[in-house]
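Numbers restart at 1 for each chain; the letters A, B, ... are given by sequence-line order, proteins then strands. Just so you know, these numbers use all the heavy atoms, side chains as well, and skip hydrogens, waters and symmetry mates.
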2 protein chains.
Amino acid sequence: MARALSQRQRAILEYIERFLDENGYPPTIREIQHDLRISSTSVVDYNLNVLEQRNLIRRNRNISRGIELVGRRSAERRVIRIPVVGQIAAGQPLPVLEEVDPSNVDDHIELSADLVGKQPDGLFALRVKGFSMVDALISDGDIVVLRRQETAENGETVAVWLRREQETTLKRFYHEGDRIRLQPANAMMDPIYTTPDNVEIQGKLVTVLRAVS
Amino acid sequence: MARALSQRQRAILEYIERFLDENGYPPTIREIQHDLRISSTSVVDYNLNVLEQRNLIRRNRNISRGIELVGRRSAERRVIRIPVVGQIAAGQPLPVLEEVDPSNVDDHIELSADLVGKQPDGLFALRVKGFSMVDALISDGDIVVLRRQETAENGETVAVWLRREQETTLKRFYHEGDRIRLQPANAMMDPIYTTPDNVEIQGKLVTVLRAVS
DNA sequence: TATACGAGCGAACAGATGTTCGTGTCAAGG
DNA sequence: CCTTGACACGAACATCTGTTCGCTCGTATA
């Protein structure tokens with residue numbers, strides 16, 4: 001088992017990798033045969049079996065193009081793709097998610113999973129307009145990643161729509177008796193106190209991103 | 001073109017994504033048909049054509065499993081993997097990159113390429129300790145991505161080591177005559193003026209990341 | 001020399017799969 | 001009421017594709 005791969009086996013393996021990168025789907029036995037100038041499909045089959053025994057690929061019998069490269073997908077899995085569905089500014093509410101066709105959003109960002117918590121569900125991103133959130137250490141041009149939710153635990157940073165003020169803001173949320181305290185992330189700033197009927201929670205802050213020009 | 005996808009089209013798209021993740025190769029029309037309880041392969045074919053016109057997938061005619069998810073592979077390629085080599089704090093210089101064995105760094109972050117500029121070379125990341133950089137809208141626990149460089153253009157945000165003060169800071173850099181102005185990103189803060197021999201540029205700020213607990 | 005075995009050949013076979021086409025349904029609009 | 005277009009059906013068809021099998025060749029090995 002310690003034997004090295006034959007030149008042909010190496011060539012086949014490299015061919016599969018390249019094919020997969022270029023096409024997004026695996027090659028057929030005949031494509032391998034043709035492009036590598038192998039005289040018979042059975043030779044390809046023979047060598048694919050060798051590669052499978054070496055645990056370099058996995059074959060799915062009786063399935064066309066049923067070749068998987070072992071160990072390839074797992075690394076790519078931990079990258080989350082998040083749609084950028086609009087912008088967030090002090091004087092305007094968040095875009096209504098349901099009105100955004102996720103398949104028509106062509107603006108995306110990608111992050112490793114550990115930056116966005118456990119589940120990648122319900123995540124969306126917004127571009128920050130203006131400087132109304134510097135107290136949350138968030139500036140114009142930043143991208144914020146939020147998870148859609150309508151309630152908040154004490155201490156969570158949430159995007160809230162203040163009904164009376166007609167304003168969106170990002171603050172730490174504290175329910176204190178019959179009032180709500182919205183605490184800026186910047187400790188040097190003073191909190192806002194308001195009533196529950198005035199706040200409409202739009203989502204929880206998950207990640208802040210700033211790409212410096 | 002502004003029309004939303006039908007429920008069935010969305011289901012097919014999601015199915016293809018899931019299938020691809022689980023199997024490493026795309027599904028056949030009949031697999032889609034069967035698992036989604038669609039009565040005819042031609043219905044699948046019809047909807048796949050719609051998805052292709054929307055530029056969500058690419059189909060390769062007369063090829064089994066010839067379905068590609070547009071933007072999936074190419075997007076994954078542009079994901080940059082950046083090593084987190086240490087931490088940055090006001091009172092300590094940056095770790096010397098050459099002393100860090102890159103193969104021993106098991107802490108990494110992943111970002112889409114457009115967040116870090118054109119080339120992925122010379123990039124490294126640091127965890128921010130302390131609150132000495134709130135004036136740059138950077139707080140304790142943030143991760144900063146830097147590109148190693150020893151000089152700076154006017155206006156670039158750089159990590160500098162101030163020799164006399166024995167201190168690391170992140171500021172916008174301006175060379176003004178025979179002195180240097182280090183301008184906090186937060187417009188409400190005052191700049192620092194110092195002399196060129198006191199500043200040691202360690203890298204240029206590329207991205208700031210904040211994962212909110 | 002006889003035997004074993006890895007490796008390769010070529011052809012035929014059987015499924016697996018994409019394509020096509022006539023037909024049907026339904027809602028919107030004239 | 002008729003037309004149109006989006007969407008769906010189901011069956012027949014034509015390839016595409018994996019599998020199998022008998023055979024050859026060269027190099028060890030007994």
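- Checking the phosphate oxygens (OP1, OP2) of dA8(D), no side-chain nitrogen or oxygen of Y46(B) falls inside 4.0 Å.
- Under 4.0 angstrom from either OP1 or OP2 of dC7(D) there lies no side-chain N or O belonging to N49(B).
- Although no hydrogens or angles enter the test, the distance criterion places no donor-acceptor pair under 3.5 Å between the side chain of R127(B) and the main chain of V84(B).
- Rounded to whole Å, atom C1' of dG8(C) lies 14 Å from atom CG of L36(A).
- For N154(B), the CG atom sits in a packed shell: over 12 heavy atoms of surrounding residues, nucleotides or ligands are nearer than 6.0 Å.
- In this entry the distance linking CZ of R54(A) with P of dG6(C) reads 12 Å, nearest Å.
- A side-chain N or O of R164(A) and one of T195(A) form a donor-acceptor pair less than 3.5 Å apart.
- Distance, I32(A) CD1 to dC9(C) C1': 17 Å, rounded to whole Å.
- For the side-chain contact (heavy atoms from CB on, under 4.5 Å) with R8(A), the qualifying choice from L36(A), V50(A), N47(A), L13(A) is N47(A), the only one to do so.
- Side-chain N/O atoms of R210(B) and S139(B) include no donor and acceptor closer than 3.5 Å.
- Taking atom CD on Q7(B) and atom C1' on dA8(D), their separation rounds to 15 Å, with Å as the unit.
- As a whole-Å value, the separation of E52(B) CD from dT19(C) C1' is 14 Å.
- Atom CD1 in I57(B) sits about 12 Å away from atom P in dG18(C), given to the nearest Å.
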Summarise how protein sits on nucleotides 9-22 of chain D as a single string, 5' to 3': B when a protein heavy atom is under 4.0 Å from the base, S for sugar-phosphate-only contact, - for no contact. BBB----SBBBBB-
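- Sorted by first and then second residue, the ring pair (Phe, Tyr, Trp, His ring centres under 6.0 Å) pairs with a member in residues 31-53 of chain A form an empty list; sequence neighbours excluded.
- Considering only side-chain N and O atoms, N47(B) lies nowhere under 4.0 angstrom from the phosphate OP1 or OP2 of dC7(D).
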